[in-house]
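Report on one structure; see the data block that follows.
All heavy atoms count here, side chains included; hydrogens, waters and symmetry mates do not. Quick caveat, the model's predicted, so the values are computed rather than measured.
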Amino acid sequence: MDAREAALLTLNTCERQGGWSDGALKKQLAAAGLDGRDAALATQLCFGVLQNKLLLDFYLGKFSNIPLKRMEGKVVQALRLGAYQMLFLTRIPHSAAVDRSVALTRTHCKNPRAPGMVNAILRSLERSLDQLPTIPQEDPASYYGTLYSHPEWLVQELLDELGSEGAAAFLQANNSQPPMTAMVNTVRTGAEEVAASLEAQGVEVHAHPWLENCLVLSRSGSVEELEAFQRGLFYIQDPASRLAVLASGAAAGMRVLDVCAAPGGKSFAAAIQMGDRGEVVSCDLHPHKKTLIHRGAERLGLSCVQALTADGKVRRTEWEEAFDLVLVDAPCSGLGVIRKKPDIRYKDPEPLAALPAVQSAILDNACAYVKPGGVLLYSTCTVLRRENQGVTGRFLAEHPEFVREGFSLPGPAGEVPEGQITLWPQVHGTDGFYLCRLRKEG
């Protein structure tokens with residue numbers, strides 16, 4: 001099995017079973033036993049097709065007499081793979097892209113005519129690469145949705161929120177390659193030691209441009225196999241999550257509750273910010289995620305982190321007014337991390353309507369755990385106003401004992417006097433994220 005076959009099988013599995021591409025691809029790569037170079041190509045092909053699926057389908061549809069929805073699933077994936085390579089990858093000869101897609105069709109598809117059809121469609125596309133069909137521009141949501149492969153409902157919300165220029169920049173950022181960022185475990189070491197260890201193993205390391213003790217990594221291979229990772233000298237986290245903990249004001253000696261903690265990144269960031277002095281109670285609903293948090297804290301040597309299983313919506317009377325700081329990183333639509341999970345954009349939007357009620361229930365419960373004078377930090381990894389400002393606005397109307405409180409962040413975010421901010425990949429260089437700091441009046 002080569003990279004293209006691994007990508008085709010992964011894409012087909014995701015389309016048929018509705019699974020997440022990162023998990024499906026990881027499983028497929030392990031089964032195929034591909035080396036680092038082929039695994040990287042398979043990842044690029046798989047994610048590239050998902051990032052551009054609607055655009056690829058638009059072009060392929062112009063050169064096919066048969067609608068793509070009537071074709072066998074693996075035929076469609078072979079076509080998308082071939083088209084993606086020709087349209088986006090300059091180092092792969094067009095002939096190789098076409099020939100391999102035809103070969104994959106011959107191997108995996110039932111219809112004996114499918115290989116000839118794939119060859120004809122991709123050859124027609126190849127001949128038209130200098131003069132591709134024009135995407136209709138009359139309807140902005142439809143145009144941007146096709147150009148950047150996002151659903152029209154989401155594009156329309158972004159257009160209403162950001163205008164054409166801002167929406168296009170966000171959509172384009174979602175199709176870019178996000179940097180891998182490592183947060184230094186300053187309880188154990190400093191950034192220079194971590195960088196030296198990583199560079200000794202061939203990793204390319206740069207200091208983050210504005211976030212202290214954050215390193216940008218490339219050519220890292222499997223992070224879990226790096227010596228510095230195994231020694232607990234760093235953990236992987238997007239700067240947006242780190243900013244959430246900075247906004248919270250976690251400090252040494254505090255008692256902190258992280259309500260929806262898995263996989264534990266904010267708990268670890270808080271513990272490190274506290275110098276491992278104090279207590280961080282790190283909770284999740286699922287027992288296996290409690291184990292994940294415990295193992296992460298153990299690897300990092302953070303003795304102040306205590307992992308528990310708890311439902312964020314169910315009151316625990318022993319916790320009432322017991323914490324200086326409560327972190328609520330609520331379950332959300334995840335639409336701020338599309339650049340890392342490209343298939344999020346294609347999920348059914350209907351279930352998203354129920355999320356604000358869930359988020360509000362968790363916030364209403366968790367606020368009881370904050371001491372008078374303490375802080376409640378609400379965050380999500382989405383950019384939808386109804387899951388962010390809508391939830392905190394309703395909360396403040398029903399809980400007059402809380403007020404929004406300003407805070408300061410490094411980098412482009414700077415001063416946040418109103419106590420809430422939406423971080424955007426195209427503006428701040430982070431995941432899309434919402435932060436709101438709430439102070440309980442004493």
Side-chain angles (χ1 to χ4, degrees), residues 181-189 211-214 223-224 229 232-313 316 318-319 322-332 334 337 359 362-363 365-367 369-371 374-381 407 430-431 433-438:
T181 47
M183 301 299 160
V184 176
N185 180 4
T186 54
V187 170
R188 283 191 164 174
T189 188
L211 185 56
E212 192 177 8
N213 293 312
C214 175
V223 170
E224 291 83 359
F229 182 87
L233 304 187
F234 73 90
Y235 64 101
I236 299 299
Q237 185 178 53
D238 189 83
S241 294
R242 182 73 187 92
L243 292 180
V245 177
L246 286 173
S248 76
M254 281 187 174
R255 192 172 190 221
V256 177
L257 175 64
D258 190 353
V259 177
C260 308
K266 291 183 187 63
S267 292
F268 305 152
I272 291 168
Q273 190 165 303
M274 294 159 62
D276 202 28
R277 298 191 301 276
E279 182 183 6
V280 178
V281 179
S282 185
C283 301
D284 198 83
L285 179 61
H286 305 288
H288 73 279
K289 291 187 176 180
K290 168 194 164 184
T291 303
L292 189 68
I293 297 167
H294 175 74
R295 286 176 181 167
E298 202 170 48
R299 180 182 64 82
L300 293 164
L302 300 172
S303 59
C304 78
V305 176
Q306 178 189 6
L308 295 177
T309 302
D311 186 338
K313 300 190 295 295
R316 296 179 66 141
E318 71 272 23
W319 286 354
F323 293 92
D324 303 289
L325 167 64
V326 175
L327 304 174
V328 177
D329 187 40
C332 68
V337 295
Q359 293 154 348
I362 294 172
L363 202 53
N365 184 52
C367 74
Y369 303 147
V370 183
K371 290 179 180 178
V375 168
L376 176 62
L377 195 287
Y378 177 80
S379 64
T380 71
C381 59
F407 52 89
T430 67
D431 286 341
F433 226 82
Y434 172 75
L435 310 175
C436 183
R437 177 183 165 109
L438 303 159

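Here the straight-line distance linking atom CG of Leu438 with atom CG of Leu363 works out to 7.0 Å at 0.5 Å rounding. One distance of note links CD of Glu212 with CZ of Arg242; it measures 9.0 Å at 0.5 Å rounding. Atoms OH and CG, from Tyr235 and Asn185 in turn, are 8.0 Å apart once rounded to the nearest 0.5 Å. The distance from atom CZ of Arg299 to atom CZ of Phe229, rounded to the nearest 0.5 Å, is 3.5 Å. To the nearest 0.5 angstrom, Cys283 atom SG is 7.5 Å from Ile293 atom CD1. Annotation: the span from Met183 atom CE to Cys214 atom SG amounts to 3.5 Å, rounded to 0.5 Å.
Side chain to side chain, Asp258 and Ser282 fail the donor-acceptor criterion of an N or O pair below 3.5 Å. Side-chain polar atoms of Thr186 and Asn213 form no donor-acceptor pair below 3.5 angstrom.
Applying the side-chain contact (heavy atoms from CB on, under 4.5 Å) test between Ser248 and each of Leu435, Leu376, Leu325 identifies Leu325 as the sole match.
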Problem set entry | Candidate pair Asp276 and Ser303, rule side chain to side chain donor-acceptor pair (under 3.5 Å), full reasoning | CA-CA 7 Å; Asp276 202 28; Ser303 59; 2.9 Å; yes

Problem set entry | Derivation of the side-chain contact (heavy atoms from CB on, under 4.5 Å) call for Phe433 and Asp329 | CA-CA 10 Å; Phe433 226 82; Asp329 187 40; 4.1 Å; yes

For this session: Under the side-chain contact (heavy atoms from CB on, under 4.5 Å) rule, what do Val281 and Trp319 come out as? Steps first, then yes or no, please.
Result: CA-CA 11 Å; Val281 179; Trp319 286 354; 4.0 Å; yes

For this session: Given side-chain contact (heavy atoms from CB on, under 4.5 Å), test Leu302 with Ile272 step by step and report yes or no.
Result: CA-CA 8 Å; Leu302 300 172; Ile272 291 168; 3.9 Å; yes

Problem set entry | Trace of the side-chain contact (heavy atoms from CB on, under 4.5 Å) decision for Leu233 with Leu300 | CA-CA 7 Å; Leu233 304 187; Leu300 293 164; over 6 Å; no

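Using a 4.5 Å heavy-atom cutoff, the side chains of Ile362 and Pro331 are in contact. Residues Leu246 and Phe407 are not in side-chain contact: their nearest non-hydrogen atoms beyond the backbone lie 4.5 Å or more apart. Counting heavy atoms from C-beta on, the side chains of Val280 and Met274 come closer than 4.5 Å. Ser379 is not listed as a side-chain neighbour of Cys436, based on a closest heavy-atom distance of 4.5 Å or more.
The pair Lys371-Asp324 meets the salt-bridge criterion, since a charged nitrogen lies less than 4.0 angstrom from a carboxylate oxygen.
In this structure a side-chain-to-backbone donor-acceptor pair under 3.5 Å is missing from Gln359 to Ala330. Formation of a donor-acceptor pair under 3.5 Å by the Tyr369 side chain with backbone atoms of Arg316 is found in this model. With hydrogens and angles ignored, the 3.5 Å screen pairs a side-chain donor or acceptor of Asp238 with a backbone N or O of Asp431.
Closest non-hydrogen pair, Thr430 versus Ala240, comes out as CB-CB, 3.8 Å. Contact between Arg437 and Val375 at its shortest, heavy atoms only, is NH2-CG2, 3.7 Å. Listed here is the closest heavy atom pair of Gln237 and Ala269: OE1-CB, 4.0 Å. Shown here for Ala250 and Gln273, the closest heavy-atom pair between the two residues is O-NE2, 2.9 Å. Between Leu292 and Pro263, the shortest heavy-atom distance links the atoms CD2-CB, 3.7 Å. Across all their heavy atoms, Thr309 and Leu285 have their closest contact at CG2-O, 3.4 Å.
Note on ring orientation: taking the six-membered ring where Trp is involved, the planes of His288 and His286 are tilted (angle from 30° to 60°).
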